Number of protein chains: 2
Amino acid sequence: MTQRQRPPTMQDVAERAGVSRALVSLVMRDAPNVSVARRAAVRKAAAELDYRPNAAARSLAERRSNTIGVVVNDLHNTFFADVIDGIHEVAMGNGYRLLLNTAWRTDDDELKAIEAFLEYRVDAIVVLGPRAAGEKLELAGSSVPLVAVGSITPGVDVVVNDDERGSELVVEYLVDLGHRRIVHIDGGGGGGASRRSVGFVNAMERHGLDPFVVPGDFTESSGAAAMSKLLKAGEPPTAVFAANDLAAVGALDELTKAGFDVPGDVSVVGYDNTAIAALSHIGLTTINQPRREMGRQTMELALDRLDQGRKAAVTRVVTPELVVRRTTAAI
Amino acid sequence: MTQRQRPPTMQDVAERAGVSRALVSLVMRDAPNVSVARRAAVRKAAAELDYRPNAAARSLAERRSNTIGVVVNDLHNTFFADVIDGIHEVAMGNGYRLLLNTAWRTDDDELKAIEAFLEYRVDAIVVLGPRAAGEKLELAGSSVPLVAVGSITPGVDVVVNDDERGSELVVEYLVDLGHRRIVHIDGGGGGGASRRSVGFVNAMERHGLDPFVVPGDFTESSGAAAMSKLLKAGEPPTAVFAANDLAAVGALDELTKAGFDVPGDVSVVGYDNTAIAALSHIGLTTINQPRREMGRQTMELALDRLDQGRKAAVTRVVTPELVVRRTTAAI
DNA sequence: CCCAGTTGTTGGAGCGCTCCAAATGGTTTA
DNA sequence: TAAACCATTTGGAGCGCTCCAACAACTGGG
């Protein structure tokens, strides 16, 4: 078993460059007031030794890590990839680096991931699609800025899209196309599901239409099941609005199988504008959330607490927009 | 601007519990030979103070971080989510925690992410879908165990599926179905693309068939473009094997638009068994890579270097399998 | 009843870095 | 020519933890 050699330290660089440890520290941090000659000598020595500052020692001494911890609840959900791009953009611009941690769709994992970040003493924590109860997050948020994205979580900073407005956009669009019998397949207890449902009901009633909602749970199979039940129940709706794209695809599939033409006979709309919706083979009309922008705002909220010392929890609501593709048509 | 209060340290816990700092350390690490009474007293004090060990201080003192750094090249690609599950499973079982970092599909980001992990002094690094040149990775791998997943990278440990075998499975299956005119839409320079192509050519020749390959690049649009060109060129193939699922869906779409029935007129096969392939609306026949297993093996390679001190680079090849869905049929 | 052997507990050194007060040395000013 | 000033440089004291040698308090055997 070979002994892995100890990585070089600041001391090693200092000796090789013939200066003090403190001077090396100054150079590594690009501090001013270091003579050009010394700076060059230190850089040279560092390069020759392949020196790399020890992040642990640095955080310990600085008493801050300059990193933001991001808890990604579901790596399979690409929704968050764009959000992370936005977070990354702003974080980098402010001298922070990102560290991610996954949770496997359970409260417990999520809290464990947060716990790990607290041990690392990250400067702020972002939870994408939180599952854990608000109080738990709020507790964690008491020792470090914490922002939740995608689900409204009391007691902490939140960034979400306006689900009610999204549903409203869908209803208005469908009504404009002449649809009257519109059904909503809801998302059960999933994030934002209830607000999408409420938005649907309100918008329908505002138009004097009957808001028919059938249960679902954000999965393809639930969308298919709901559609199948709907078709069996007699006179089918002329438009179906599913709580997310996956359920919409399930419904779409069921309609096709039953011999209906989409959008000729029935229009179908989803929510989230995932990659699936964009597949030209599917071309699903859906609602887009400005994910990257959500990421930016998330980071802004964190920076706001970090730099301005804001204490009160804030909620930022971004505006969704309709993306028309090929599963919707006038009646 | 409110002053965030300093988190409690081991010293604080020690004072509150009326013991020494060292004893608290022993309790936190679940060391044996600590009396039941003291252990309880320390745990109580720690809980009351909401004490959390400082990971930076710990890594510094232990001279190891007990964490594995995972570089995820493309968060949008869910392929790696399952791999990470496998890595996580083995890592947890061996007392390591995971930390992720994203790279945005460029060499530079990837190397920066690796660099960051080196500064954190992670115990091992895993690169999912490496882009950077082998020498660079090899260099990084000289100071810490490094495993590459998905692309063959000289000089470092690698876990990949047997792409040639995967292509062979496809050809054999299609030939068994009676197909003779089979076209491969390749993946350009993407990971594994060339081996898939080679496997296709070899298998076709073994069957005495003419291996026709058209260029592509792993995207939906390239699949559509290739298919469109193929259709214009006259007598269409009876089967199309695309280098990945996305390209296969592009081809599928183009065929449908052109009025061909899939699988009645033409069979289509993809590669990777992504979530898209599994959508019942698509039901793409494809090749599955045992992703979770790949994750496990990845971690095993890392542990092998960590615990056994292995130095020579090793490549682990896992076996792909055919997943038959509804885009293929006998001719 | 003493010494060896256990089991439990402790202070101190040290991990690699930053920060600070103080030292250095060259220049300018009175 | 001495004093005052400036830009640089430096040693030392931590940051919060682990590890180790040493110590304390018991136990049991001869």
Side-chain angles (χ1 to χ4, degrees), chain A residues 4-43 45-46 49-67 95 116 118-123 143, chain B residues 4-43 45-46 49-67 95 116 118-123 143:
Chain A
R4 188 175 309 290
Q5 68 179 9
R6 184 181 59 74
T9 71
M10 215 161 234
Q11 182 66 48
D12 299 328
V13 177
E15 279 165 16
R16 175 173 261 260
V19 300
S20 71
R21 210 186 51 254
L23 212 243
V24 177
S25 173
L26 290 175
V27 173
M28 295 315 292
R29 286 176 289 141
D30 283 317
N33 294 343
V34 173
S35 65
V36 192
R38 305 273 187 149
R39 189 182 295 276
V42 169
R43 289 236 171 274
L49 292 175
D50 193 23
Y51 169 73
R52 227 179 304 275
N54 181 319
R58 185 191 294 230
S59 333
L60 189 58
E62 273 187 323
R63 250 156 303 176
R64 63 197 312 257
S65 59
N66 292 306
T67 93
L118 290 175
E119 291 187 7
Y120 279 103
R121 301 289 190 269
V122 294
D123 297 325
S143 57
Chain B
R4 189 175 308 290
Q5 67 179 9
R6 183 181 59 76
T9 70
M10 218 162 233
Q11 182 66 47
D12 299 328
V13 177
E15 278 166 16
R16 175 172 260 259
V19 299
S20 71
R21 211 185 53 254
L23 213 241
V24 176
S25 173
L26 291 175
V27 173
M28 296 315 292
R29 286 175 287 140
D30 283 318
N33 296 344
V34 174
S35 66
V36 191
R38 304 273 187 150
R39 189 182 296 274
V42 169
R43 289 238 170 273
L49 292 175
D50 194 22
Y51 168 73
R52 229 179 303 275
N54 182 318
R58 185 191 294 232
S59 331
L60 189 57
E62 274 187 322
R63 251 155 300 176
R64 63 199 313 261
S65 60
N66 291 306
T67 93
L118 290 175
E119 291 188 6
Y120 279 102
R121 302 289 190 269
V122 295
D123 297 325
S143 57

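In this text the structure is predicted, and so the values were computed from the model without any measurement. Lettering follows sequence order; numbering is per chain, from 1.
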Should [X] be listed as having a side-chain N or O under 4.0 Å from OP1 or OP2 of [N]?
X        : N      : result
A/Ser20  : D/dT10 : yes
B/Arg29  : D/dC19 : yes
A/Arg58  : C/dG16 : no
B/Tyr120 : C/dG16 : no
B/Ser35  : C/dT9  : yes
A/Asn33  : D/dT8  : yes
A/Ser25  : C/dT18 : yes

Taking the side chain of [X] as heavy atoms from C-beta outward, which of [options] is closest to it?
X       : options                : answer
A/Leu26 : D/dT10, C/dT9, C/dG16  : D/dT10
B/Ala61 : D/dC17, D/dT10, C/dC17 : D/dC17
B/Val19 : C/dC17, C/dT10, D/dG16 : C/dT10

Mark yes or no for whether [X], through its side chain, and [Y], through its backbone, hold a donor-acceptor pair below 3.5 Å.
X       : Y        : value
B/Ser65 : B/Arg121 : yes
A/Arg43 : A/Val27  : yes
A/Arg52 : A/Pro7   : no

Could you state the interatomic distance from CG (B/Asp123) to OG (B/Ser59), rounded to the nearest 0.5 Å?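 Here the rounded value is 8.5 Å.
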* Integer-rounded Å distance: D/dG16 P and B/Arg52 CZ ->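 From B/Arg52 CZ to D/dG16 P: 15 Å.
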Rounded to the Å, how far apart are A/Asp12 CG and C/dC17 P?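 So the two atoms are 9 Å apart, to the nearest Å.
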Check: Starting at the 5' end of DNA chain C, which residue's closest nucleotide do you reach first, B/Arg121 or B/Ala22?
Finding: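 This one resolves to B/Ala22.
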So A/Arg21, base contact, sugar-phosphate only, or nothing? Heavy-atom distance under 4.0 Å.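 Here A/Arg21 touches the bases of the nucleic acid.
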